[in-house]
Amino acid sequence: MFSKETLQKDKGLKEKWEKASSDILTGQKLNLRTSSGIELKPLYTPEDLAEMDYYKLGVPGEYPYVRGNYSLQYQINPFIQNQFFGFGTPSETRGRRDWLAKLGCSYKVGTEEQLPLVIAMDLPTLKGLDPDEPEARGRVGHGGVSISTIDDIGVIMEGLPLDKTCVIWNAFDGTLPIHALYFAYALDIRREPLERLFMAIPNNISNQWAHDWAGFPHKTAIKLEIELIKFIIDNCPTSLHTVIEGYETAEAGATPVQEVAVMLAYAIYLMEECIKAGLDPDAVAPGLWAHHHLSLNIFEEIAKLRAARKLWARIFKERFGCNKPESIKYKIIAAETAGIELTALEPLNNIIRLTIMTLAGILGGVEGIFTAAYDEALGIPTEESAQVAVRTQQILAEETDLCWVTDPLGGSYYIEWLTKRIEEEVVNLLGRIEEMGGFLRACESGWIRREIARSANERQEKIKQGEKVIIGVNKYRIEQRPKIKGFRVPLEVEERIRERLGRYKRDRDNSKIKSSLGQIKEAAEKIEKEWPESCGSLMPVLIEASRAGCTLGEMHGVLREVFGYGFYSG
Amino acid sequence: MEEGDRKKIRVLLAQTRLDSHGVGLRYLSRTLMDEGMEVIIVRYGVIEEVAKAALEENVDVVGLSYYFPGFEYEIPLLMRLLKEKGMDDLIIIVGGIIDDEEEAKLLEWGVKGVFTPGRPVQDVIECIISHVGVRS
């Protein structure tokens with residue numbers, strides 16, 4: 001990247017600096033390491049980039065996209081301001097939707113500003129349970145909205161243009177039935193063809209593999225994901241169909257290097273399985289999008305995001321032979337501020353932490369950012385804390401000069417060096433996973449879970465020893481503090497939700513329910529036994545069952561019965 | 001008392017299988033094992049399973065992790081079930097996303113320790129030893 005003359009001069013300057021710094025240190029070691037364990041120097045100079053070829057770095061909008069996916073990015077389209085919301089009943093969630101819209105929380109679709117909808121669901125909904133099931137007791141409407149019927153979807157979506165409102169139903173195991181309910185709502189209530197729907201679908205059914213979560217068996221989860229992928233490719237051309245999940249893995253303890261390596265290993269596995277099922281890589285790849293973690297180590301995060309774009313582009317171009325630019329661009333629709341960096345003590349300090357994490361996303365050139373609320377360690381956001389989160393994004397996007405220049409840190413000796421180092425570390429780890437037989441084997445053997453748990457324990461140990469500083473918690477802690485009050489959904493809401501479901505079940509035409517569920521069972525058995533020939537047979541019957549009035553729990557219950565359900569990752 | 005004579009403290013750590021927030025529970029289980037305790041982890045569907053496991057495993061401590069207010073329903077029920085099984089001498093501790101009002105309520109119900117994010121893990125160990133150590 002530099003001329004011989006520059007490198008020669010750099011050597012001279014570097015020697016001067018080394019002399020000066022060794023005088024200060026007098027034999028002391030600094031021991032600087034990123035959270036992924038990459039050893040750092042206290043200074044970077046052209047020497048560190050001597051091997052780097054400028055032309056391979058490229059410009060934004062060109063392969064390998066390390067500097068970003070677009071020739072012009074935030075200058076034209078500021079990052080998507082995502083807010084994750086939902087609690088209690090669909091009506092309460094609707095109230096929060098209106099509040100966020102009023103605050104101007106938005107992203108641009110063409111020339112219009114729209115509120116992105118990212119729906120948080122309660123634990124029973126995420127796991128495909130209706131609120132009237134025993135396991136749901138005490139958890140209905142807490143931490144997210146309870147959704148079980150087409151009517152619930154209707155309350156949340158009422159009045160919104162379905163072709164312009166990017167909706168993310170973040171449903172984990174409930175993904176297929178929740179989307180079937182949404183499709184039924186679009187077709188029957190809104191009279192909209194499915195091709196007009198605009199979604200970023202998490203389709204994160206295999207997510208439980210990375211952490212302690214019950215779910216479908218590995219081989220089933222991937223089939224269900226591909227079933228939805230095929231349906232979306234065929235029916236909803238403007239939607240993104242599958243998230244490459246890194247945030248949850250990192251929240252479970254993965255370091256940035258582990259986060260990217262696991263994401264890529266999963267993406268490779270998913271692509272291979274899609275190809276086996278007869279799908280064209282260039283049809284699948286454009287619908288993939290990424291969900292990343294943003295911690296407080298902003299330089300490491302920026303380098304991570306840049307390295308991930310580069311590795312993705314290479315894998316999709318070289319390994320899968322993708323030709324479309326949309327296939328090889330790694331779309332980070334959701335970079336999310338780390339929950340594990342937030343504290344329950346002195347919660348207002350989290351506003352500073354969240355600002356820094358959001359900044360990391362912007363400097364990393366992502367498409368969209370989730371900024372959490374400062375009271376996340378206490379509960380779900382209040383109107384006030386959600387407002388601060390929206391304002392944080394808006395201030396960074398519109399009051400500062402952050403969005404004027406693309407990849408403003410590109411060319412920094414440190415950032416380019418660290419991007420390269422993270423890339424190398426990810427390639428190493430990915431190589432180890434492939435040697436083990438790939439993502440599925442690494443999951444089934446429990447290796448991925450163990451590695452992540454080890455990192456999580458190391459992090460906790462560093463906090464305990466004070467090596468990782470958390471202000472107000474393990475350093476400068478004071479005992480006097482105001483009372484902490486989290487936002488809570490009143491407990492009687494659960495009863496109201498159950499009554500609502502009871503009324504729904506009484507009022508629907510119950511004559512078709514049994515046969516609809518029977519058809520789901522038949523299709524699911526075919527998925528189980530006749531894969532991949534049966535790919536494409538389940539989604540249509542789930543949609544028909546939703547149109548007939550089946551609930552989330554009824555449909556998911558059939559899937560659990562056919563496929564099995566439990567803990568499969570050690 | 002000699003260290004070797006003391007019966008090992010047995011701890012059951014429980015979390016609903018609906019919840020994936022397992023970092024705290026895993027870390028705690030490791031730390032307690034390092035302290036010489038025996039730890040059993042249960043991922044349950046309904047709280048009745050926890051009461052059953054506590055009886056079968058004959059534990060001294062039941063620790064429950066809550067991401068959201070499931071405890072409002074489950075803790076009183078668990079206490080009643082344990083009492084019915086004659087196990088009301090074991091202690092219950094709770095951790096998770098819990099605010100001050102909820103903490104006060106749990107303590108009033110008879111929970112022996114409530115541990116929210118940011119509390120040192122040493123506090124959990126001390127709480128267990130101060131209550132169970134006396135019994136053994």
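Each chain gets a letter, A, B and so on, in the order the sequences are listed, and its residues count up from 1.
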Might you point out which heavy atoms bring [X] and [Y] nearest each other, and give the distance in Å?
{"X": "Y67(B)", "Y": "L123(A)", "value": "CD2-CD1, 3.8 Å"}
{"X": "N457(A)", "Y": "Y27(B)", "value": "OD1-CD1, 3.1 Å"}
{"X": "P117(B)", "Y": "A344(A)", "value": "O-CB, 3.8 Å"}

Would you find more than 12 non-hydrogen atoms of other residues, nucleotides or ligands less than 6.0 Å from [X] atom [atom1]?
{"X": "R10(B)", "atom1": "CZ", "result": "yes"}
{"X": "E383(A)", "atom1": "CD", "result": "yes"}
{"X": "K485(A)", "atom1": "NZ", "result": "yes"}
{"X": "K85(B)", "atom1": "NZ", "result": "yes"}

For the atom pair [atom1] ([X]) and [atom2] ([Y]), what is the distance rounded to the nearest 0.5 Å?
{"X": "W213(A)", "Y": "H21(B)", "atom1": "CH2", "atom2": "NE2", "result": "7.5 Å"}
{"X": "I484(A)", "Y": "D100(B)", "atom1": "CD1", "atom2": "CG", "result": "5.0 Å"}
{"X": "D122(A)", "Y": "L18(B)", "atom1": "CG", "atom2": "CG", "result": "9.0 Å"}
{"X": "I97(B)", "Y": "L378(A)", "atom1": "CD1", "atom2": "CG", "result": "7.0 Å"}

Under 4.5 Å from any heavy atom of chain B - which part of [X]:
{"X": "P347(A)", "answer": "neither"}
{"X": "L129(A)", "answer": "side chain"}
{"X": "R459(A)", "answer": "neither"}
{"X": "E251(A)", "answer": "backbone"}

Q) Hey, is K483(A) close enough to E101(B) for a salt bridge, meaning N to O under 4.0 Å? A)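 Looking at E101(B) together with K483(A), the answer is no, because their closest N to O distance does not fall below 4.0 Å.
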Q | Q460(A) side chain near V23(B) side chain, heavy-atom distance below 4.5 Å | A |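 SC-SC contact between Q460(A) and V23(B) confirmed.
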Q.
For a 4.5 angstrom cut-off between non-hydrogen side-chain atoms, does R477(A) reach P120(B)?
A.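 SC-SC contact between R477(A) and P120(B) confirmed.
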Region of [X] in contact with chain A, defined by heavy-atom distances below 4.5 Å:
{"X": "I98(B)", "result": "backbone"}
{"X": "Y66(B)", "result": "side chain"}
{"X": "E102(B)", "result": "side chain"}

Q: Before giving the answer on side chain to side chain contact (heavy atoms under 4.5 Å, CB included), spell out for R26(B) and R449(A) the whole-Å C-alpha distance, their side-chain angles and the decisive distance to 0.1 Å.
A: CA-CA 12 Å; R26(B) 291 266 169 187; R449(A) 260 230 38 85; 3.9 Å; yes
(Q) Considering only residues two or more places apart or on different chains, which pairs with a residue in residues 133-144 of chain A satisfy salt bridge (Lys or Arg N to Asp or Glu O under 4.0 Å)? (A)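 Listed once each, the pairs are E133(A)-R560(A), E135(A)-R17(B), R137(A)-E48(B), R139(A)-E74(B).
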Pick from [options] with the largest number of heavy-atom pairs that fall under 4.5 Å of chain A:
{"options": "D99(B), L25(B), D19(B)", "answer": "D99(B)"}
{"options": "T16(B), T31(B), I47(B)", "answer": "T16(B)"}
{"options": "G96(B), G22(B), G24(B), G70(B)", "answer": "G70(B)"}
{"options": "R43(B), Q122(B), R119(B), E103(B)", "answer": "R43(B)"}

